[in-house]
Every structure is written in structure tokens, then in C-alpha cells.
**Q** 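One structure, as C-alpha cells, below. Some questions next.
The sequence lines fix the lettering, A, B, ..., with proteins before strands; numbering per chain opens at 1.
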Amino acid sequence: MDFGSILLNLAIGMAFGFTLERSGFGDSRRLAAQFYLFDQTVLKVMFTAIVWCMLLLFWSCAMGWVDFSHIFVDPTFIWTAILGGLILGAGFMIGGYCPGTSMVATCTGKVDGMFFLGGILGGIVIFAEAETLFPYFYAYAGAKGRYTLFDWLGVDPGWVALAVVLMALGMFWGAEKLEKIFPGPYGKAEGGES
Amino acid sequence: MSALKKAGALGLLVLGAGLAAVGQPTTARRLRWMKAELEKQIRNREVQIDPGELLDLRFNRGLRLFMFDVRSETDYNLFHIVGAERVPLEEIGMDFVKKYPPEAVKVVMSNDEKAATEAWKLLRASGMENVYILAGGINLWLKIFRDHHYDAKVPVPPDPSDKLRCRFDMALCDCYIHYYPYGNPNPHHIPKKRKYTRKVKIKVVKPPSGGCGA
């Protein structure tokens, strides 16, 4: 990797961390509130970012500025993704952070964030040591390679993008309704209006 | 709902619907965008490799080589270079390209160069990297390795008829290749080493990488 790429990665990482912190994602109570339905900031911020990124990327591809085949797509491992998602979701609910937000919390001096990050590092070490016990499941369970929604559905990515936009708008509307139905332990959640 | 939220939702909807209407670029659309660049490479003969270079590539154990023969089934059955895969032009597209590793060298061939050039353009427009054309096509290959004209020059401009100019008595599959050894010539058994300008550039295509830790 050349020096310019390192600097670019550093700048993007700093911007990402700053945005997460400014969105209130350095606070485990706000993050955990997502699961108690009275503060949907996480859903709204993350889904907005995902939808904008998707639209910008596929518009760039449609205009010929970006070649989608050169974009990294995480390989699909269906069963490991389900298991990993369950573990991450449980950890998120219990600890109040996901890996990126625990980093943000650590950087702002939050002790719970530091412990969570320590737990992540410990988990990585345990997983790395134990991985040889289940190599087949780890490497082959539901392996589909580069597999996207439009590959699965056999339609143009534009239609999938439109469906994701509609889903996002429906979820934003539903999230606002949920915040009204579940006012939370302190009445209206802090910063619930986003 | 505030006016700002409504505007944002409308903006997302318009962009999403527009994207569905425009669609992602097809091979034909990408071919139009890349036309000038591809024509320039063809005109400057940057991608037409000499049969001697292909012979050396076939015996280079340090790289992966794929050969695409875009001639008619009849011509292919009459004679083809051992290891060449017959690929009809209409099969070439993004799905076809995905099957081949980007770092491998690919060589496309026809009887002369006309069909191979069309195929090369389609392959490039479909996103294939490291792809070249066999200069002079199968006709020049046969002139060199069957008729032993080791100094035969690449015809420039190539014959536009793109027809097989050699006569074969029967069509033989790869199993009977010993009848047509010039389909699989061994560079060590060729009396005269052919001189050529090396054109294949081994590009290291770094696989895209990344991930999310959020």
C-alpha cells in the first residue's frame, strides 16, 4: 500500500469516527436504546448512510465513472453470517456497543467502551486459537463467494436499489412511530428528533 | 413530518427510481464509452501478439493462459490450437468475463483478425483485463508451424475476409492431435526461433479488499 493510500485511509477513518461520535454513537445507552425501541437514531443514521452510499455508488457505475467489478464485496457465508450476526447482536445488546462504536467510545475516554474493546480483542484471540476446531464450518458453511441481492434475484441493481430505498423510507416512518409508542424510561429520548 | 424530512425522502425516491430507469451499463453501452480508446490500441497494434509470443506463453509455467477461439464450430472442429476454448461472439458478456481470473493472460483468435478484434472489444468492454489478439490468426499460425515459414510476417492490414485458408481432410478432436502436431507445437523442437516484439505485459491485478468494522 502506498503512502497516499495510507493517508487517505486515515482521513476516511477519522471522518467516519468523527461522524459516529457526533451522531451520539459513543454512548452505549443511546446505542442500546435501539433494541428497547425508544430511540431509533442508530437505525436512522446507519440506514441513511447505507442508502446514500448505495445510490451514489450505483449512479457512479451507471454513469461509467466506477466499475462495480473493482469494488470489494464481502464474500457470502450464509450460515457463519447468521451465527456471527446472532453473537454480535447479543454482544451489542448486552454491552451497548458494536466494534466501531466501542472504538469511538474508547477515544472519548468512556471506561465501558474500553472494557468492551478489551473484550473484542480477547474474543479475537480466542477465536483465532479455536478456529482450527471448526475449519469446515468457518470456511465453507453456505459459501457463495461474491453474491449480491441482484445476483440472487437476477434483476438490474437499479431495481434492487429502488426496493432498498422504499424499505428504508418505510423503516424510517416506522421508527418514528415506535419512538412515539415507546417513550422510554425518561420520556422523550434525548435527540430522538433526527 | 418536517419539510426537510419530506424533501430528503423525495430525493431518495427520485434517485432510486431514476437508477432503476437508467439501469447499470451493459456491454454495448460500455463499448460506446470505450470505443475511442480501444480503436487506438487496435490501430497502434498494441494488443496483437505474434504467434511466437503465444507459443512461448503456452509453455510459460509462471502464468495462467486462456485461449478463446471465436471462429465457427466447423473451422474449430477442423483445426484449433490445443487448449483453445471455442467461444461464440454472442456468449461474450459480463457473466462470461467473471469466470476468468483477472491476472491470467487471455488470447483471443480467429482465422485472421477480424472476428478476434470484435471479440477483444467485447471482452474489454465487459471488464476483462490482460486480453490480447493472436496476430494474423490461425492462418498465420498454420503458415508458421505447419508450413515451416518461421519468418512469415504478420499481414498488416489483416485479411478482412477472415476465412480459413488451409484445407483439412478431416476434423479431429484433441485426442488425435498427433495427426496435427502443429496444433500443439513444442518450442524445443522448432528448428528456428521466431523473432517477435514482446507485447504481453503481466499486470498484477490486486483483488479488491475491504470490510466493515462498524
**Q** Any chance CG of A:L86 has more than 12 other-residue heavy atoms, nucleotides or ligands included, within less than 6.0 Å?
**A** yes
**Q** Count the heavy atoms belonging to other residues, nucleotides or ligands that lie under 6.0 Å from OH of A:Y136, then report whether that count exceeds 12.
**A**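 No, not enclosed.
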**Q** Within the supplied structure, the quantity of interest is the number of heavy atoms (other residues, nucleotides, ligands) at a distance under 6.0 Å from A:F137 CZ; does it exceed 12?
**A** yes
**Q** Show the nearest heavy-atom pair for residues A:W59 and B:L19, with the distance to one decimal.
**A** CZ2-N, 3.4 Å
**Q** A:A62 and B:G23: which non-hydrogen atoms are nearest, and at how many Å?
**A**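 Smallest interatomic distance, heavy atoms only, reads CB-O, 3.7 Å.
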**Q** Quick one: of A:F68, A:F172, A:W159, who has the most non-hydrogen atom pairs under 4.5 Å with chain B?
**A**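 Of the candidates given, the most pairs with chain B belong to A:W159.
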**Q** What do you reckon, is CZ of A:F18 surrounded by more than 12 foreign heavy atoms closer than 6.0 Å?
**A**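 Open: at most 12 neighbouring heavy atoms sit under 6.0 Å from CZ of A:F18.
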**Q** Are there more than 12 heavy atoms of other residues, nucleotides or ligands under 6.0 Å from atom OH of A:Y36?
**A**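 No, not enclosed.
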**Q** Are there more than 12 heavy atoms of other residues, nucleotides or ligands under 6.0 Å from atom NZ of B:K114?
**A** no
**Q** Near A:F115 CZ, under 6.0 Å, is it more than 12 heavy atoms from other residues, nucleotides or ligands?
**A** no
**Q** Would a 4.5 Å heavy-atom cut-off, applied to side chains only, mark B:K98 and A:R146 as touching?
**A**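 Side-chain contact under 4.5 Å: no.
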**Q** Pick from A:M63, A:M103, A:M54: which one has the most heavy-atom pairs with chain B under 4.5 Å?
**A**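 Heavy-atom pair counts peak at A:M63.
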**Q** Would a 4.5 Å heavy-atom cut-off, applied to side chains only, mark B:L15 and A:W52 as touching?
**A**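 The answer is yes; the side chains approach within 4.5 Å.
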**Q** Tell me the residues of residues 161-169 of chain A whose non-hydrogen atoms fall below 4.5 Å from those of chain B, in number order.
**A** A:A161, A:L162, A:V165, A:L166, A:L169
**Q** Is it true that a side-chain atom of A:D156 and a backbone atom of B:A20 form a donor plus acceptor pair closer than 3.5 Å?
**A**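 Not a single qualifying donor-acceptor pair exists.
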**Q** Is there a donor-acceptor pair under 3.5 Å between the side chain of B:Q24 and the backbone N or O of A:F58?
**A**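 Such a contact is found between B:Q24 side chain and A:F58 backbone.
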**Q** When you look at NZ of B:K106, are more than 12 heavy atoms from neighbouring residues, nucleotides or ligands closer to it than 6.0 Å?
**A**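 Correct, the count exceeds 12.
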**Q** Can you name the residues of residues 26-40 of chain B that have some heavy atom under 4.5 Å away from a heavy atom in chain A?
**A**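 When heavy atoms of chain A are the reference, residues 26-40 of chain B contributes B:R29, B:R30, B:W33 within the under-4.5 Å range.
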